[in-house]
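Ligands are counted one by one from 1 in listed order, and the atoms in each one are counted from 1 as well.
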Amino acid sequence: MSDSRPIGVFDSGVGGLTVAREIKNVLPHESIIYFGDSKHLPYGNKSPEVIQQYSQNITQFLIQQNCKAIVIACNTASSNALTQINHLAELHQIPVVDVITPVAQKVAYGFHQKMGIIATKATVDSGIYKKRIRKFNRHIKVQELATPLLVPVIEEGFAQTEISKSVVNIYLSNKKLEGIDSIILGCTHYPLIQKEISEFFNGKVQVINSPFVVAHALKDILVKKNILSDSIPEYHFYVSDITKNFQKLAHKFFGKSINLELKLLH
Ligand code: DGL
C-alpha cells in the first residue's frame, strides 16, 4: 500500500535544504514539506529554551500538514530540542529522524580513532556528538569545535571564495583537530564548503556526508513502517521570512530553482 502523505523537513533557514535534496535523491516518490525558520535564523547562537520553543512550533505546523515523518534537518535543533520534538510527534505516532543520531551510529562502527566535529556554538555546547558517538563506541576520541562564523559566510554568498577558504583555514588549524582521521560537518550549511574543508586536509581526512546518511535512515524507517509512497511527489518550501538573498541561496542549497512561500507561525 502506498502512503502519499508528505515528509516534514525543517531547519532554521535554508541549510536543511541540503538534507531535503538528498531525501529527494534517495526517495524520489516522497512528497516533502520544508519549513525554514529564516525569521529566527541563526539558531546556533540562541539558548536551548528558545531553540526548543521555535522547534516545537514548527513541529506542530508539520503535524497539522499531515506529515507522516519529521526530519530535523538542523544540528542545532537536533542537539537542543529532540526530546521536545519527539514528545509532540509521539502523540501522533509520527517517527522523527534527527541529523545527529544516525551519523553518530554510523561513524561509531567505522574504523575511526580520532574524529573532529565542527558545528554551531549551541550544538558544541550541548556536547551531543561526543555523547552519541561514545554511547556506541567509547574508544573513539571525539573533538568538537564551534565554528560560528561559517554560517554567515555561507549565508552571505561567500562559499568557495578566498573568504571562506581563509575562515576554514583559521578554524581547522585549531590544535583540537590535530591528528583527526575524519570530520563530521555538524551543521547543515557546511556541505556548501566541503571542498574547502577537504582541500585543507589535502584529502587525507574523511569528510562525513551527513545528509546522505540521514536520508537513508529515513528510508529505513519508512520501509520498516510500510509507509513508502509510490506517487508523483509534490514539494512545498515554506520560510518565515523571504528575501532575495534567501531565494538565491535556496537554489544553491537544493541544487535547483525552487519557489519559497511565506508562512508565519503564530
Ligand atoms: N543549520 C543549522 C545547523 O545545522 C545552523 C544554522 C543556524 O545557526 O541557524 O546547526
Under the ring pair (Phe, Tyr, Trp, His ring centres under 6.0 Å) definition, can you give me all pairs with a residue in residues 6-46, not counting sequence neighbours? F35-F61, H40-Y54, Y43-Y54

In terms of atom number and element, which parts of ligand 1 are under 4.0 angstrom from non-hydrogen atoms of L41? 9 (O)

Ligand 1 to T120 polar contact by distance, N or O atoms, under 3.5 Å: no

Would you say K68 has more than 12 foreign heavy atoms packed within less than 6.0 Å of its NZ? yes

Out of P152, S12, G36, S38, who is nearest to atom 9 (O) of ligand 1 when you count heavy atoms only? S12

Taking distance alone, with no angle check, do N75 and ligand 1 share an N/O pair under 3.5 Å? yes

Please find the pair of heavy atoms, one from C187 and one from V151, that lie closest to each other, and give the distance. SG-CG2, 3.8 Å

Can you tell me which portion of D11 lies within the under-4.0 Å heavy-atom range of ligand 1? Options are side chain, backbone, both, or neither. side chain

Report, in ascending order of atom number, the atoms of ligand 1 lying under 4.0 Å from any heavy atom of Y43. 7 (C), 8 (O), 9 (O)

Going by the order shown, which atoms of ligand 1 are within less than 4.0 Å of some heavy atom of C74? 2 (C), 3 (C), 4 (O), 10 (O)

Any D11 side-chain heavy atom under 4.5 Å of F253 side chain: no

Does the side chain of H189 reach to within under 4.5 Å of the side chain of L150, using non-hydrogen atoms? no

Residues in side chain to side chain contact (heavy atoms under 4.5 Å, CB included) contact with S166, at least two apart in sequence or another chain: none

For T76, is at least one N or O under 3.5 Å away from an N or O on ligand 1? yes

Consider ligand 1: state whether an atom of it lies below 4.0 angstrom from any non-hydrogen atom of C187. yes

Contact between G15 and ligand 1, counting heavy atoms under 4.0 Å? no

Check this for me - ligand 1, G44, N or O atoms closer than 3.5 angstrom, yes or no? yes

Any side-chain heavy atom of Q53 within less than 4.5 Å of one from E49? no

Please name the residue in the list L62, I227, L222, I70 that meets the side-chain contact (heavy atoms from CB on, under 4.5 Å) test with I7. L222

